[in-house]
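Heads up, the thing below is written out as structure tokens.
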Amino acid sequence: MRVLLLYPQFPKTFWSFEKILELVDRKVLLPPLGLVTVAAILPQEWEFKLVDRNVRDVTEEEWEWAELVVLSAMIVQKQDLLALIGEAHKRGKKVAVGGPYATSVPKDPLEAGADYLILDEGEITLPLFVEAIQKGESQGIFRSNGEKPDVTETPIPRFDLLELDAYDSMSVQFSRGCPFQCEFCDIIVLYGRKPRTKAPQQLLAELDCLYELGWRRAVFMVDDNFIGNKRNVKLMLHELKGWMAEHQYPFSFNTEASIDLAQDTELMELMVECNFNAVFLGIETPDADSLQLTKKYQNTRDSLVDSVWAINKTGLRVMAGFIIGFDGERTGAGDRIIEFVEQTAIPTALFGILQALPNTALWHRLDKEGRLLKNGVDGDQMALMNFIPTRPVEEIANEYIHAFCTLYEPSRFLDRVYRHFLQMAPSPCQAPAQLPNPIDLRALVTIVWRQGFKRNTRWKFWHHLLGIFKHNPGVWEHYLTVCAHAEHFIEFRQLVREQIEAELVEYQQVEAQNQVEAPKEQEQVLAKTA
């Protein structure tokens, strides 16, 4: 069987980082870990080719070669996924679709023409699909019916199928699931609330594979909550610490975690000793009432400000997610997020408007209350909410635009990066010294030219850079890398403004039309009852 694995395009998002990737001659931030894992689970006597549409288009030769097309996507990739299903069918190919989007909204790929839906977690449903193929079945829907696989049996992903030079970071996974119950989160719906982890040696085998393939850059642990099972993650980190030292620190790591990481000094220190240098935290909002209402209780137990600084001072750069539009939210939520981000000096704050994702507790509650809108959900961070909020949509949208554009005003951004790195402990992990390669050298020269000479923030750039060399020289490379992120945000803040303002105009037009039509409908009802 000749299998063409396709990964659909993402729209421009907060994490696209096109301008930064151009500097280091990369196409995409992260690879499709799900698809290379699928390739490892399917029969290895099958032939595989993988095309990430974020890297390049599918060639005619690849279309002709394929007997079966397999796609996986998240909700935000919806548009290109459905187009690829149609393109494959036009060419007479059988199409199988899986991944988070298909699992959450199976009717969409089915209506687009998918022959097979391989839903839930592939360790269970892919063997069912293979069995159906071997029986000659031309269609089917395969589900795990609530069963969760033992991920210690998951094979090493087929990293060899990736065009490695196209990616800035590589992806590996240690655990699935999260113990918390945040109302808006679909992770606990997809993967459950009991975190399942791989064995330490299993993860090290994946790193061995990447090492043998020549990978020597960043690795992102894609776990939705890396510390969901603290006991097991500590056991793994103890093993990883020795592996990294033995291999002379070929990778740096970053990941996502809950904010209670700040209360576990041993865990933070272990992460730093393994060359973790950044962690993404789901802070969502500094408003305690909103955190309680959305059941993000883990963020209410300790001071959020103190927790961020504790993580930062240990040696981990903090990235954080924020959401506006929660029920019961008071006016000025955007300003309170600005104040919090400035107080904690978080350089990278992902900021989006709340979306109700399919099958989450929030989705079901809003549906029961009759507040879900018919336009569905596309997972786009630059989109208005897909439900009726408890305060005016215009107010939420304008606060969002103001907060995002304020947070990423170039001068403010550079100030936060500076204050954050002044407090951050240098990494104890030292890789062997080597001369910079031409790509990294070109990127450094470009950043220094743009930010140190061209921009009106140039004096601040030089002041802060010299301050880092004077007060915390061990972090200067990491510091400059994050300064470079301004190349992305300067452009992206304008894109946010344009898209939200356009959506707001469209929303207001629909509301105005509804107000015109409502009296007519009432008149028709009255006429019928008269």
Side-chain angles (χ1 to χ4, degrees), residues 1 3-11 13 32 34-35 38 42 50-54 57-58 62-63 66-122 124-126 128-133 135-146 186-187 189-191 355-360 362-364 366-368 370-381 383-387 503 506 510:
M1 178 72 72
V3 182
L4 180 60
L5 302 154
L6 296 184
Y7 197 53
Q9 281 184 330
F10 284 92
T13 71
L35 276 182
V38 166
L42 289 172
L50 186 149
V51 177
D52 181 348
R53 286 256 298 139
N54 301 281
D57 289 330
V58 191
E62 286 165 334
W63 279 120
E67 295 177 293
L68 172 69
V69 176
V70 175
L71 302 105
S72 176
M74 294 184 279
I75 289 176
V76 71
Q77 296 165 283
K78 171 181 177 178
Q79 184 174 344
D80 198 44
L81 172 75
L82 301 181
L84 286 170
I85 294 172
E87 184 66 23
H89 263 297
K90 188 172 76 174
R91 296 167 179 273
K93 309 296 180 181
K94 284 292 184 181
V95 180
V97 182
Y101 171 41
T103 297
S104 296
V105 193
K107 71 177 184 65
D108 286 0
L110 204 59
E111 290 175 356
D115 301 291
Y116 307 95
L117 294 186
I118 311 167
L119 309 180
D120 306 311
E121 295 181 63
I124 292 173
T125 52
L126 281 165
L128 300 176
F129 164 70
V130 172
E131 184 181 349
I133 288 281
K135 289 179 179 177
E137 296 176 11
S138 59
Q139 58 185 15
I141 300 175
F142 310 96
R143 303 219 68 148
S144 65
N145 299 317
D186 63 346
I187 296 305
V189 177
L190 292 167
Y191 304 117
Q355 294 264 317
L357 297 176
N359 302 316
T360 58
L362 175 63
W363 175 277
H364 290 301
L366 294 173
D367 187 36
K368 186 177 179 181
R371 293 168 57 199
L372 282 178
L373 299 177
K374 294 178 181 178
N375 57 349
V377 61
D378 57 15
D380 191 343
Q381 297 149 348
L384 296 179
M385 62 279 298
N386 59 336
F387 62 93
E503 289 205 17
E506 185 178 340
V510 171

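The structure presented is a predicted model; accordingly, all values stated were derived computationally and were not measured.
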What are the two closest non-hydrogen atoms of A112 and I85, and how far apart are they?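 A112 and I85 have their closest heavy atoms at O-CG2, 3.4 Å.
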Examine distances only and state if a side-chain atom of [X] and a backbone atom of [Y] form a donor-acceptor pair shorter than 3.5 Å.
| X | Y | value |
| --- | --- | --- |
| K93 | W63 | yes |
| N54 | F10 | yes |
| T103 | D120 | yes |
| D115 | V95 | yes |
| D80 | P8 | no |
| T125 | L119 | yes |
| N386 | A356 | yes |

Supply the atom-to-atom distance [X] [atom1] to [Y] [atom2], rounded to the nearest 0.5 angstrom.
| X | Y | atom1 | atom2 | value |
| --- | --- | --- | --- | --- |
| E121 | L126 | CD | CG | 11.0 Å |
| L84 | Q77 | CG | CD | 10.0 Å |
| L117 | I141 | CG | CD1 | 5.0 Å |
| W363 | L372 | CH2 | CG | 5.0 Å |
| R53 | L81 | CZ | CG | 11.0 Å |

More than 12 heavy atoms of other residues, nucleotides or ligands under 6.0 Å from [atom1] of [X]: yes or no?
| X | atom1 | answer |
| --- | --- | --- |
| Q79 | CD | no |
| E137 | CD | yes |
| Q139 | CD | no |

Within-4.5 Å side-chain heavy-atom neighbours: [X] and [Y]:
| X | Y | result |
| --- | --- | --- |
| I75 | P100 | no |
| P32 | L5 | no |
| V76 | P11 | yes |

With side-chain contact (heavy atoms from CB on, under 4.5 Å) as the test, would you mind laying out the steps for L357 and L362 before giving the verdict? CA-CA 8 Å; L357 297 176; L362 175 63; over 6 Å; no
Any idea how F129 and Y116 line up, ring-wise: parallel (<30°), tilted (30 to 60°), or perpendicular (>60°)?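 The rings of F129 and Y116 stand perpendicular, inter-plane angle above 60°.
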Run the numbers on L4 and V51 for side-chain contact (heavy atoms from CB on, under 4.5 Å), then give the verdict. CA-CA 8 Å; L4 180 60; V51 177; 4.1 Å; yes
Could you go step by step and tell me if K368 and H364 meet the side-chain contact (heavy atoms from CB on, under 4.5 Å) rule? CA-CA 6 Å; K368 186 177 179 181; H364 290 301; over 6 Å; no
Do Y101 and D108 meet the criterion of a side-chain donor-acceptor pair at a distance under 3.5 Å?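 A donor-acceptor contact under 3.5 Å links the two side chains.
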